[in-house]
Amino acid sequence: MMNKTAVSPVQQDDWVLCHYFNSSNYLQIARIENRTGWRFERVVFPKQRLLFNAPVEAELEVQTSASTPTSERIPCSDLACTEGLA
């Protein structure tokens, strides 16, 4: 039987629910690597929404696979979902 109170290598006290939307017409790779002991990577299709939990101080790196590849970094604190949005 699995212990539900197992401690992960990363404390989750400072984590937030984040939302990212790929508004482009290109496939994107979303990645977080700036947190020791934790890694996140997903493919995000055009017009797809991505919900994920991440450390508040993490940065989401988004790489776009256009004819001229681009990359941007977005603080997860800027992607945090807030209650009461319609």
Side-chain angles (χ1 to χ4, degrees):
M1 183 172 185
M2 185 178 235
N3 182 356
K4 293 183 181 180
T5 60
V7 177
S8 76
V10 176
Q11 277 202 325
Q12 294 189 5
D13 296 341
D14 58 346
W15 287 42
V16 291
L17 177 64
C18 299
H19 173 260
Y20 175 75
F21 177 65
N22 178 359
S23 61
S24 77
N25 291 322
Y26 300 100
L27 187 73
Q28 294 181 332
I29 303 296
R31 174 181 301 126
I32 298 173
E33 296 180 318
N34 69 323
R35 178 77 188 244
T36 303
W38 187 76
R39 180 178 160 86
F40 175 86
E41 184 170 349
R42 296 288 185 276
V43 173
V44 188
F45 292 94
K47 311 304 181 210
Q48 182 181 12
R49 296 179 187 279
L50 177 65
L51 284 175
F52 59 97
N53 287 312
V56 71
E57 75 278 359
E59 291 182 345
L60 184 71
E61 179 183 358
V62 179
Q63 295 179 335
T64 302
S65 64
S67 56
T68 305
T70 61
S71 179
E72 69 175 309
R73 289 186 177 270
I74 308 165
C76 288
S77 58
D78 291 351
L79 299 172
C81 295
T82 57
E83 293 184 42
L85 292 178

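FYI, side chains are in, hydrogens and waters are out, and symmetry mates aren't considered; it's all heavy atoms of this structure. Everything quoted here is computed from the prediction, not taken from an experiment.
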What heavy-atom pair brings [X] and [Y] nearest, and what distance separates the two atoms?
| X | Y | value |
| --- | --- | --- |
| C81 | L51 | SG-CD2, 4.0 Å |
| A30 | L60 | CB-CD1, 3.8 Å |
| E61 | S71 | OE2-OG, 3.2 Å |
| A54 | I32 | CB-CD1, 3.8 Å |

Tell me whether [X] shares a hydrophobic cluster with [Y], the cluster being built from Ile, Leu, Val, Met, Phe, Trp, Tyr side chains joined at under 4.5 Å.
| X | Y | result |
| --- | --- | --- |
| I74 | F40 | yes |
| L79 | V62 | yes |
| W15 | L50 | yes |

Margin query: Could you measure the distance from the CD atom of Q63 to the CZ atom of R31? Nearest 0.5 Å is fine.
Written below: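 That separation rounds to 4.5 Å.
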When the side chains of residues 17-24 are checked against the rest of the protein, which donor-acceptor pairs come out under 3.5 Å, sequence neighbours left out?
from, atom 1, to, atom 2, distance (Å)
H19, NE2, R49, NH1, 3.3
Y20, OH, Q28, OE1, 2.7
Y20, OH, Q28, NE2, 3.4
N22, OD1, S24, N, 3.0
N22, OD1, S24, OG, 2.6
N22, OD1, Q28, NE2, 3.4
N22, ND2, Y26, O, 2.9
N22, ND2, V44, O, 3.1
N22, ND2, F45, O, 3.2
S24, OG, Y26, N, 3.1
S24, OG, Y26, O, 3.2

